[in-house]
Amino acid sequence: STGIVAATPFPAEYDREYVAPVSLGTPAQELNLIFDTGSSDLWVFSTSMPAAQVAGQKLYNPSGSSTSAVLWGHTWSIQYGDGSRSSGTVVNELVTIGGISYASQALEIANGVSAQFSQDPASSGLLGLGFSILNTVIPTSQKTWFDNVLPTLAAPVFTVDLKRAAPGTYTFGAIDASSYAGKIEYTPIDNSNGFWRLQASGYQVGTSPFQPTTIDAIADTGTTLLMLPAAIVKAYYAQVPGSQLHASYGAYTFPCSAKLPSFTFGIGRYRGVIPGAFVSYGRIDATTCYGGIQDQGNLPFSIFGDILMKAQVVVFDAGRTRIGFAAK
Ligand SMILES: CN(C)c1ccc(C(=O)NN)cc1
């Protein structure tokens, strides 16, 4: 089987996150979830949540589904890189994405979420597309939806084609040859820590010479920005007149009138180009804009988030434990 769903950016002009529709239970309850290659829990806002933590999100109601079955004694609790968190209980439920169904998917229902989730009306939860070793359900960890449907897919892959301020696609079980230009360049991933973790071969700022250096990064559709080592970030903004590491935001900002250089990353001999315009994440005030490239700080790896993804077609190949990039 193969399946395809739209990946819609929210809010429209800022691409802070991308949500896609997931059908839960019988009769179907369709929720928009963040598809997240950096985590491995499938969890949803539910009718078990305090009203104070809900602000417009659609809620999954297990009692309204004839196919939901409590996974007795199982709970989950997760914390993400930005400090946001959620937790709750677990049911087995029919979960369908792009026409691909799995009848007894571990569906984690939230009975509590942090403010970052409560204040995000566009997302009713997350669908983890990381490796199942990261799943937080106890006492027995659960498999991701992708792991469960893998044997039924025409090919053991999913493809991510995010776009700037426009709907893109997540495709399961296939690679759409018409979606990209040239060849897909693959590189092995290390999934021992549950991430799609790769080593990029270097970077280039604008038209400056390519700098060969190993960049140890995870490919994370759930992270908005491109988080890199301090030295690389410094080299990038050195080419942006008026940019600064803003004391109060603890992040790089620049004058919205600045012309941003492109950012190129290397995968072997392949060069992936992020247009300068993609590096402007959003307006802070009348003249100041927030950089889409930021310092990874004390993280043990870089994060290739949506700012990078939206410039590429990215193939997550579980069959051959590798990841592929192509221009578009
Ligand atoms: C608060 N929200 C919507 C988040 C969504 C995803 C993540 C994340 O780190 N994914 N890898 C963090 C926060």
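Numbering starts at 1 and runs along the sequence shown. Start at 1 and go down the list; that is how both ligands and their atoms are numbered.
Less than 4.0 angstrom separates some heavy atom of Q116 from each of these atoms of ligand 1: 1 (C). Taking every heavy atom of S84 and a limit of under 4.0 angstrom, the matching atoms of ligand 1 come to 1 (C), 12 (C), 13 (C). Atoms of ligand 1 lying under 4.0 Å from any heavy atom of F117, numbered from 1 in the order shown and given with element: 1 (C), 2 (N), 3 (C), 4 (C). Under a 4.0 Å criterion applied to the non-hydrogen atoms of I34, ligand 1 contributes the atoms 3 (C). Proximity to D82 (heavy-atom distance under 4.0 Å) selects the following atoms of ligand 1: 1 (C), 12 (C), 13 (C). Each of the atoms 3 (C) of ligand 1 lies under 4.0 Å from some heavy atom of D120.
For the pair R197 and F301, the cation-pi test (distance below 6.0 Å, angle within 45°) is failed.
Residue contacts with ligand 1: D220 is placed with a nitrogen or oxygen under 3.5 Å of a nitrogen or oxygen of the ligand (distance criterion only). For a threshold of 3.5 Å applied to N or O pairs, the pair formed by D36 and ligand 1 contains at least one separation below that value.
Within a 6.0 Å radius of CD in E13, other residues, nucleotides and ligands contribute 12 heavy atoms or fewer.
The nearest heavy-atom contact from the protein to atom 8 (C) of ligand 1 is G222 O, 3.5 Å. Counting protein heavy atoms only, atom 9 (O) of ligand 1 is closest to Y80 CB, 3.8 Å.
Using cut-offs of 30° and 60° for the angle between ring planes, the F117 and W43 rings count as perpendicular. Under the 30°/60° scheme for interplanar angles, the aromatic rings of F325 and F265 are found to stand perpendicular.
The main-chain N or O of T136 is found under 3.5 Å from a side-chain atom of D41 such that the two form a donor-acceptor pair.
The hydrophobic cluster around V313 extends to V157, I175, Y180, I184, Y186, V315, counting ILVMFWY residues whose side-chain heavy atoms fall within less than 4.5 Å of a member.
Evaluation of the disulfide (SG to SG under 2.5 Å) test over residues 197-262, restricted to residues two or more places apart or in two chains, returns C256-C289.
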